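Encoded as structure tokens, here's the structure I'll be asking about.
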Amino acid sequence: MLELNGVSVRYPGGEQEALSDITLTLEQGEFVCILGKSGSGKSTMIRCINGLQVPTRGEVRWDGRPLSKMSEEQLRKVRRQMGMIFQHFNLIPRLSVMQNVLTGTFGYRSNLKNLIGWFNDQEKQQAKQVIEDVDLSSMADRRVERLSGGQKQRVGIARALVQQPQVMLGDEPVSSLDPGTSNHIFSLLEQMHRRRHLLTIINVHDVGLAKRYATRIVALKAGKIIFDGKPEQFTDREYLETYESQEENGKTKNR
Amino acid sequence: MWFKRKNLVTVLILCLLLYFSMRLTEFDLSKFRDFRNMIDFLAQWFPMDTSKLPGMISDSLETVGMAFLGSFIGLFFGLPISFIAAWNTSPTKPVYHLSRFALSFMRSIPEIVFGLILLTALGLGPFPAVLAIAFHNIGVLGKLISELVEASDPGPQEAMKAVGSKNWFAHLFSIVPQIWPNVLSHYFYRLEVAIRTSLVLGFIGGGGIGQRLFNDFKTFQYSSVSLDVLIIMVIVIIVDLLGSYVRNRVI
Ligand SMILES: Nc1ncnc2c1ncn2[C@@H]1O[C@H](COP(=O)(O)OP(=O)(O)OP(=O)(O)O)[C@@H](O)[C@H]1O
Ligand SMILES: [Mg+2]
């Protein structure tokens, strides 16, 4: 179970909070899509969940334990239970699909001894399995820069899955993909979500995708939650409210 | 309109600089009146004297060994240091500043100066020359590689962090594959430079083909000098070819 308790983030030099007073409880098995305009704080929120971003106020709890109280070592252990996929895939160039997927096991390595042990058979077997799950077996030895965008994102998903995660985080995982491929990636995510009983939390810009796959939609605006509910409750009214440009104190905010 | 008073001043200053530089360096083309002497001199270089070829070859190997070992030690220590001298991977600010300072210090001492000191302290021979090359190259490669590290894509690093990887692990695995081809380019360039440096270090007693060239020259054995020079040219070309071969294979 993941809890956000009054989480706020103010970036150094930021005139207002990028995330302000977010309180949410997310349960295993939920498929949550986070909607919001550019700059509304979606990425910031996702990054707070696995501790890549430290909240200025409030706290994030994983299984009841606040991340802020954890040592670096404990935080690593939390992170390896949370897979993360990225808009720009963030794969390691010049390495093969297989090698990239195997880097997903690095959370389980702590010292030089492990490094010298390189990858054991069990890890290789797991990697093979997840590569098969994302349907890339025929390309396992291909270098990742020679893949299409959709294939790259499938490698990203495989890398996250090999962690045996309980949570799957996605920061706009389909924003650089075409609609057909986006749909394919989402159905893959849903399939994995069901099979492994994950908690999936994904930022999207495509409301259609969110309504089709999510079990819960959270909409952010200027760092605040303005909607939290079932996809069918997210109607045109909420849609407009989420995406209409906001005029604050009469001045428009330029980014 | 490019013709402005400001430009005129620039040209004037440039002319002055050129004039004084020529005065200081006794730049005088009329010295070529005795050009015939030069041709006579060069004529003494031929035919080449191949009788000392085996010694020359073993000296050349010594030179290549010096250059390779020196630049490799430079890479071996420069690579890890570059990571603590790059702002995005350095453990702490003080370490960052300290390592950058150390690298520029090493870089600022020319190999020849360091060679002179070490050759005096440790005695003549290739070993001090290797150290001189290594020391300088730690500074140069450390700096160049730290710039590559700083310019590397932060995405993969973030991904490694999200995976729960240890920091140094993340750096090693997400940055090294990205920068590796460029590291090799720099390394091979430095190897080439090290070959030339080891020749100069040979002149001051560092051994190798450089020392032989110097000795042959001073003892007027010009027919051996010509072969020394030829061998040196061949070495430089081979290293250059090898470098581009390896680079092409890696990229
Ligand atoms: N590293 C940073 N330093 C300073 N300000 C930042 C930083 N990252 C984000 N911000 C600011 O925080 C706010 C929220 O940014 P965030 O990236 O979370 O938005 P987002 O909803 O993910 O937007 P997008 O859809 O464009 O990715 C924005 O106003 C942004 O300018
Ligand atoms: Mg974002």
Side-chain angles (χ1 to χ4, degrees), chain A residues 43 46-47 49-53 70 72-96 99-112 114-115 118-119 143-145 152 155-156 159-165 167-171, chain B residues 75-77 79-84 86-93 95-96 145 147-188 244-251:
Chain A
S43 301
I46 288 276
R47 293 162 53 82
I49 291 173
N50 64 356
L52 288 180
Q53 177 68 48
M70 289 182 187
E72 186 67 23
E73 203 55 33
Q74 288 168 317
L75 193 59
R76 289 206 311 120
K77 290 201 176 114
V78 172
R79 284 195 185 129
R80 73 187 188 197
Q81 295 171 45
M82 301 183 177
M84 187 167 188
I85 48 180
F86 302 85
Q87 177 175 0
H88 299 293
F89 322 123
N90 292 1
L91 302 178
I92 301 175
R94 302 169 42 71
L95 296 188
S96 70
Q99 286 168 321
N100 261 284
V101 171
L102 281 168
T103 61
T105 64
F106 280 179
Y108 294 92
R109 284 159 197 275
S110 52
N111 54 37
L112 202 61
N114 282 347
L115 179 64
W118 210 232
F119 300 110
R143 275 203 196 178
V144 289
E145 57 268 40
K152 281 182 187 161
V155 177
R159 176 173 64 188
L161 289 177
V162 88
Q163 292 175 237
Q164 307 288 350
V167 180
M168 178 68 92
L169 303 172
D171 191 4
Chain B
L75 180 67
F76 189 82
F77 289 101
L79 187 66
I81 295 175
S82 70
F83 277 79
I84 61 174
W87 61 263
N88 53 340
T89 53
S90 190
T92 63
K93 267 264 133 55
V95 171
Y96 165 77
I145 297 172
E147 272 162 18
L148 295 177
V149 171
E150 287 177 353
S152 67
D153 179 4
Q157 269 169 274
E158 173 149 85
M160 288 297 96
K161 213 173 163 193
V163 149
S165 163
K166 288 215 152 181
N167 264 340
W168 67 270
F169 234 82
H171 296 155
L172 193 64
F173 282 88
S174 59
I175 297 179
V176 172
Q178 287 187 56
I179 64 175
W180 193 238
N182 289 328
V183 169
L184 280 184
S185 295
H186 282 314
Y187 173 71
F188 276 103
S244 44
Y245 172 75
V246 172
R247 263 170 287 175
N248 287 337
R249 281 298 300 271
V250 166
I251 291 164

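Just so it is clear, the structure is predicted and the values come from calculations on it, not from any experiment. Protein chains get the first letters and strands the later ones, always in sequence-line order, with residue 1 at the start of each.
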Spacing of B:Lys161 atom NZ and A:Asn50 atom CG [to the nearest 0.5 Å] | 9.5 Å
Distance in Å, B:Glu158 CD paired with A:Arg47 CZ, rounded so as to fall on 0.5 Å steps =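 Rounded to the nearest 0.5 Å, the CD-CZ separation comes out at 4.0 Å.
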Could you name the residues of residues 147-156 of chain B that have a heavy atom within less than 4.5 Å of a heavy atom in chain A?
-> B:Gly155, B:Pro156
Could you walk me through whether B:Gln157 and A:Asn90 pass the side chain to side chain contact (heavy atoms under 4.5 Å, CB included) test, one step at a time?
-> CA-CA 8 Å; B:Gln157 269 169 274; A:Asn90 292 1; over 6 Å; no
Working to the nearest 0.5 Å, report the span between CZ of B:Phe173 and CG of A:Asn100.
->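 So the gap between those two atoms works out to 12.0 Å.
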Verify, without hydrogens or angle tests, whether A:Arg80 (side chain) and B:Val163 (backbone) share a donor-acceptor contact under 3.5 angstrom.
-> no
Where is the tightest heavy-atom contact between A:Arg76 and B:Gly164, given as atom of each residue plus distance?
-> NH1-O, 2.7 Å
Could you check which of A:His88, A:Arg159, A:Gln99, A:Met82 has the highest count of heavy-atom pairs closer than 4.5 Å to chain B?
-> A:Arg159
Where on A:Leu91 is there a heavy atom nearer than 4.5 Å to chain B: the side chain, the backbone, both, or neither?
->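 Just its backbone gets close to chain B.
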Side chains of A:Arg79 and B:Ser165 in contact at under 4.5 Å (non-hydrogen atoms) =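 No, their side chains stay 4.5 Å or more apart.
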